[in-house]
Every structure is written in C-alpha cells, then in structure tokens.
Amino acid sequence: TSVSAAVLSPPQCARHGWRLGAAADTLVCRVCLAEFKCPTSLDDPAALSAAEGLLRTAHQPLCAWLSNPSPESFGSLLLPARFGAAP
C-alpha cells in the first residue's frame, strides 16, 4: 500500500504523543522529550513511510507513548451536523 501525507497529519501525530518542536519540521514528545525531523518533501513515499514508523518508535524506551498510542478513532475529525446536532 502507498503511504500518503495523512500519516503525518496533526491528529495522527498527536495520537502518538507528538507535537511541533521549535522548528516547523521537528516533532517532540512532551513526556520523554524525544524528537525527530519530518521529511521535507511529502511527495517521497519512502520518507513518509520512515516517518510513519518513527511516530511509533522514536520515543525513549520508558516513555508511555512508546507502547500506548491513543485509539485510531482519535485521529478522526468529527464535524457537527448541519444544524449543530451531535454527529
């Protein structure tokens, strides 16, 4: 399967415990302070695949995020219905 830029969307990064670092291309874990650079091109499937793996593995060994990401449903964006009713 091909990898798309959606694997590095803000909800997906947050689901694995990452937030933006001081540089716009760096993700940082608030718990273990691990960080990694995101690919500069979102058109490179190999770089996106590597970054997707780092979302899961770049944490420090004792970090809670390493083996405990939020559920996949947290990465879905829920929008309100047309008249403000619950989705």
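Among residues at least two apart or in separate chains, side chain to side chain donor-acceptor pair (under 3.5 Å) pairs with a member in residues 56-71 are W18-H59. Counting only residues at least two apart or in different chains, salt bridge (Lys or Arg N to Asp or Glu O under 4.0 Å) contacts with residues 5-14 are absent. The list of side chain to side chain donor-acceptor pair (under 3.5 Å) pairs with a residue in residues 29-38, not counting sequence neighbours, reads D25-K37.
In this structure, L55 and C13 approach most closely via the heavy-atom pair CD2-SG, 4.0 Å. Considering all non-hydrogen atoms of both residues, A34 and A58 come closest at CB-O, 3.2 Å. When all heavy atoms of Q12 and H16 are compared, the pair lying nearest together is O-CD2, 3.3 Å.
With hydrophobic clusters built from ILVMFWY side chains whose heavy atoms lie under 4.5 angstrom apart, F36 does not share a cluster with L66.
The distance from atom CG of L27 to atom CG of L20, rounded to the nearest 0.5 Å, is 6.0 Å.
For the side chain to side chain contact (heavy atoms under 4.5 Å, CB included) test, residues two or more places apart in sequence or in another chain that qualify with A47 are P39, D44.
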